[in-house]
Amino acid sequence: MASSLVSRNHLTPRPAAASTASPCSARLAVRRARGLVGGVRCQAQASDMDGHYMRRCVELARKAAGHTSPNPMVGCVVVRDGRVVGEGFHPKAGQPHAEVFALRDAGDLAENATAYVSLEPCNHYGRTPPCTEALINAKVKDVVVGMTDPNPIVASKGIERLKSAGIDVRLCVDEEASCRKLNEAYIHRMLTGKAFATLRTTLSMNGVVVNHIGSGADQPGGYYSQLLKEYDGVIVSSNLAKTNTLPISHEAGAKQPIYIIIAQGENSQLNIPFLKEECASEAVVLTDTPISVEPAGVEVLVLDQMNLDGILQLLAQRGLCSVLVDFREVGGGIASLLNNFQDDKLVQKVVVELLPVWTVSKGPSDLAFGGSQSFPLKDVEHKEVNGCVLLQGYV
């Protein structure tokens, strides 16, 4: 996916200039004496510094995980004479972008400095002014970009504006993949018009779906608690709403995801006992027949066709970039939504928690859905969490 996002014609990858070249200055005599070998060594060292500062941009951007949609997460670092003079990140939609905070932090030291930014600066007026103008007015000398923006309003126009103002712009090739992964949900929404979907489930050792999460997984610091804070919404079945607590992140400062409750083929009334009335606006019920919902204030949308493709488009139109599909209830509406998720490329990621428990199974695997053929997950990662094995991979 990353390789087909946008053209790089406007970016010329090359080693950093003045602000990151100070280590090379000490090697000028060596370069003159050794010719090309010394030059290559300087270039490699400058490239390493570009990567170092871009990784810091990504680290800063992650501080706003779960808060920025429909905007991307972005971090910015301003470097002058080999030292960081300003840092910033975009905290939430409607607030200033990362470049503005970093330039404010740098003050007058931004002049003739290099600005590192994990995503191409914008060049249009939205809820905030263009970041390109902020960089130009601050008189930065160079801008190093982690990736170009797939948003057609922005794509390469920010880079063109900076270049037209005499600012050198280059792509940090070594960290482009990490910048794309940072905003994989934003990129997916821009390219497809659908929210990025992750399927999450808990299995026993013999593959039976378990309708609870593992020990401590939803507590502060637990994998599920941390996972939830990074998603804009979580899709659950009405069975889960009736019989269990709704998924909640217990991380400090976490923004809770919007609850998308699937009530397919339900009775005329749905009660969500664990949703407080003051939080009713944080939930939406999707149903195929008109129903009344308690508590009052919960939005109800009656869909002509209950399918995952339409739901993901609807969520993207509402500004959600990422959604977690919580599959903990056996069967029901969630399973029917996922029947052809692989064939239709509707789910992008899978997260599975494997419990060290052998559960009695009364029938075939509860996860017998997804399409007509088996398929391997890509870029699979695994780790042990509180005695459970956590697997994560891309469809």
Side-chain angles (χ1 to χ4, degrees), residues 1-13 50 53-54 57-58 60-62 64-65 67-78 88-103 114-138 140 142-173 175-196 232 313 316-322:
M1 177 182 71
S3 62
S4 62
L5 290 180
V6 283
S7 170
R8 300 183 195 169
N9 293 337
H10 300 277
L11 290 172
T12 305
D50 275 5
Y53 293 126
M54 192 57 67
C57 289
V58 172
L60 289 167
R62 286 194 186 280
H67 292 270
T68 62
S69 289
N71 292 352
M73 293 177 280
V74 185
C76 180
V77 175
V78 180
F89 63 93
H90 178 48
K92 63 183 297 186
Q95 291 196 13
H97 293 181
E99 297 91 325
V100 173
F101 284 109
L103 292 171
T114 297
Y116 293 85
V117 59
S118 56
L119 183 70
E120 175 186 2
C122 64
N123 188 45
H124 66 282
Y125 284 88
R127 283 188 276 186
T128 59
C131 293
T132 51
E133 299 309 307
L135 291 164
I136 292 168
N137 292 336
V140 300
D142 307 281
V143 174
V144 182
V145 176
M147 62 168 283
T148 48
D149 195 331
N151 186 342
I153 299 176
V154 181
S156 297
K157 298 181 180 67
I159 292 166
E160 291 170 353
R161 173 67 183 117
L162 292 173
K163 284 190 169 185
S164 69
I167 295 175
D168 181 44
V169 185
R170 61 185 182 272
L171 177 70
C172 184
V173 178
E175 295 302 320
E176 185 180 10
S178 63
C179 291
R180 292 183 184 280
K181 186 170 183 178
L182 170 71
N183 281 307
E184 61 186 7
Y186 167 79
I187 294 169
H188 180 81
R189 175 173 171 264
M190 280 295 160
L191 294 180
T192 68
K194 302 171 188 175
F196 182 99
D232 303 324
Q313 288 188 45
Q317 291 166 6
R318 291 185 163 220
L320 278 68
C321 289
S322 59

message = Show, in sequence, the C-alpha distance, side-chain angles and deciding distance for L182 and R62, and conclude whether the side chain to side chain contact (heavy atoms under 4.5 Å, CB included) test is met.
response = CA-CA 8 Å; L182 170 71; R62 286 194 186 280; 3.6 Å; yes

inquiry  = Run D168 and R170 through side chain to side chain contact (heavy atoms under 4.5 Å, CB included) and show every step you take.
reply    = CA-CA 7 Å; D168 181 44; R170 61 185 182 272; 3.6 Å; yes

Inter-residue atom distance [X].[atom1] - [Y].[atom2], 0.5 Å rounding:
X	Y	atom1	atom2	answer
D149	Y186	CG	OH	3.5 Å
H97	L103	NE2	CG	13.0 Å
S118	N183	OG	CG	6.5 Å
M73	T68	CE	OG1	5.5 Å
R161	C122	CZ	SG	12.5 Å

inquiry  = Under the rule for side-chain hydrogen bond (donor to acceptor under 3.5 Å, both in side chains), what residues qualify as partners of T132, not counting sequence neighbours?
reply    = N123

Do you know which two heavy atoms are closest between [X] and [Y], and how far apart they sit?
X	Y	value
R180	T148	NH2-OG1, 4.5 Å
P152	M190	CD-SD, 4.3 Å
L191	P150	CD2-CB, 4.4 Å
P91	A64	O-CB, 3.7 Å

message = Does the plane of the ring in Y116 sit parallel, tilted or perpendicular to the ring in Y53? Use 30° and 60° as the thresholds.
response = tilted

ask   = Passes side chain to side chain contact (heavy atoms under 4.5 Å, CB included), V143 versus V117? Steps please.
value = CA-CA 7 Å; V143 174; V117 59; 4.1 Å; yes

ask   = Judged by atom type as modelled, is there a donor-acceptor pair below 3.5 Å linking the side chain of R189 to the main-chain atoms of C321?
value = no

task = Without swapping roles, check the side chain of E120 against the backbone of G158 for a donor-acceptor pair under 3.5 Å.
result = yes

task = Might you work through the side chain to side chain contact (heavy atoms under 4.5 Å, CB included) test for C179 and M54, ending with a clear yes or no?
result = CA-CA 8 Å; C179 291; M54 192 57 67; 3.9 Å; yes

